[in-house]
Protein chains: 2
Amino acid sequence: MISHAVEDYLKAIYEIDEDFGEVTTSLLAVHLGVAPASVTGMVQKLARAKPRLVNYERHRGVTLTPAGRKVALEVIRHHRLIELYLAQALGYEWDRVDAEAEKLEHVISEEFEDKIAALLGHPVLDPHGDPIPTKDGTVAEPSRQALSSAQPGQTVRVTRVRDDDPAFLRYLAELGVTLNAVLVVADRAPFEGPLHIVIGERAHALGQSVTDRIFVEIEPAAAQGGAA
Amino acid sequence: MISHAVEDYLKAIYEIDEDFGEVTTSLLAVHLGVAPASVTGMVQKLARAKPRLVNYERHRGVTLTPAGRKVALEVIRHHRLIELYLAQALGYEWDRVDAEAEKLEHVISEEFEDKIAALLGHPVLDPHGDPIPTKDGTVAEPSRQALSSAQPGQTVRVTRVRDDDPAFLRYLAELGVTLNAVLVVADRAPFEGPLHIVIGERAHALGQSVTDRIFVEIEPAAAQGGAA
DNA sequence: GTAAAAATTTAGGCTCGACTAAATTATCCA
DNA sequence: TGGATAATTTAGTCGAGCCTAAATTTTTAC
């Protein structure tokens, strides 16, 4: 039996790899809220498990083996399905779903997973735009173009937002930045400095700490409200 | 923070007290699937906790303190609400809900509890007829009259069934014994021996191991199919 | 290229909740 | 009432997963 702790480590390794491309002891320690020494111990154990769950060489970081990746994706599938279910079926706010899913993901049965997946129509994205892995272990590429990299004058559609900070998510909701919201980056943006974004009727100056955590797709140039 | 294990112990103490009127080390050990010595250790700890969760004197059994009872009822409320939610909202069979609720009961938030309670219309009974404790710690008396004690010729309505054996629950479902099903105890039943019960159109001989685990309310004598 | 700083690992220890084996206490029955 | 049996408790151990402090290795900066 795979413990909750092990599931959390494997999930964290997957997520850190997604975000940083490399998984170090200290990144894992911060992500999991444990001491670096604890990470070393657990990672050594995962590398000794049969089947082996991670590849590990001291001081060189960690990668998932196929077996470890499989477990990670199952947990992430649970997490994201549950998030969407909470939002859709129970009316949760999008800043509340993560904490609840964090606990539920480790305990639901396959039957529960299947039932909510069917009920939601086998969805592809969670409430923050993260792709939901399929049962056979396929994951779509997450949207990776940050709003901070958009060019003045561009019209963009929000495809994903970072989900780890509830206060940030509440802030976005208040701003009107929801999934699929259409934003216009103001013309003549300052050379360096906050991007000015038109959301609905209003313009806002958004710092880079904000625009770095919003991912978008560029909308084809067209007769849009902000460009008329 | 109260651990899952502690929650399980307190819930078990409550349930065994309901069923047997006294809570011994060995009953707890069987109920929880652990060794008797483990129970002694944990019970001593619960009695030393502040606030104290159980009253305990060696060799004399255990009772819940008000604080322990409060925790037990919260867990049981979770359990039974979840059972009903799984049956009602997700279409679970009634023999499947217990195992899933057993895991979920320890991890759901108050928000989750409130949302499903509201969605279900603040229900009073779970899928097996067990009363759902209210948030303020009130519990209705469970139905206690066993079908085995019904008299020949009586018409009864099923109010509760034992929920601990999935095979038994599947058997009942196949028989047509659901919550609120109306049964007729055949006249001229053998002096001692299996009760003959008319369910719908068919009669069945039910052993005492079955009729002991079905609880009923006597229906007032009336123009009923079996008594005409 | 080397010294200081940062990251990582090792070593040793803690708590929790289980276990087994042995000792003790309670109960039951002749 | 005593002696066998059953129930319970004590004593000692173990694995999981965390911790801190100290040692080691890697990286950085001059």
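So that the names make sense, note that chain A is the first sequence line, chain B the second, and so on, each numbered from 1.
Cation-pi geometry between A:R213 and A:F168 is met: the NZ or CZ atom falls under 6.0 Å from the ring centre, inside 45° of the normal.
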Audit row: A:Q208, A:S148, side chain to side chain donor-acceptor pair (under 3.5 Å) steps and yes/no: CA-CA 6 Å; A:Q208 181 163 334; A:S148 53; 5.1 Å; no

Trace of the side chain to side chain donor-acceptor pair (under 3.5 Å) decision for A:S109 with B:E100: CA-CA 7 Å; A:S109 67; B:E100 193 88 46; 2.4 Å; yes

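Closest to the side chain of A:V34, out of C:dA18, D:dC18, C:dA7, is D:dC18. You'll find that the side chain of A:A37 is closest to C:dT9, out of D:dT9, C:dG17, C:dT9. Counting only heavy atoms from C-beta on, B:K45 has its side chain closest to C:dC16 among D:dT9, D:dC18, C:dC16. Out of D:dT9, C:dT9, D:dG17, the shortest distance to the side chain of A:S3 is found at D:dG17. Out of C:dT10, D:dT8, D:dT10, the shortest distance to the side chain of B:S26 is found at D:dT8. Proximity note for B:M42 (side chain, C-beta onward) versus D:dT25, C:dG17, C:dT25: the nearest is C:dG17.
OP1 or OP2 of C:dT9 lies within a sub-4.0 Å distance of a side-chain N or O belonging to A:T25. Within the 4.0 Å cut-off from OP1 or OP2 of C:dT8, not a single side-chain nitrogen or oxygen of A:Y56 is found.
Using a 4.0 Å heavy-atom criterion, one finds that B:S38 contacts the bases of the nucleic acid, with or without backbone contacts as well. When heavy atoms are screened at a 4.0 angstrom cut-off, B:A35 is found touching base atoms of the nucleic acid. Nucleic acid contact for A:T40: base, since at least one base atom lies under 4.0 Å from a heavy atom of the residue.
Between the side chains of A:D98 and A:H79, a donor-acceptor pair is found at a separation under 3.5 Å.
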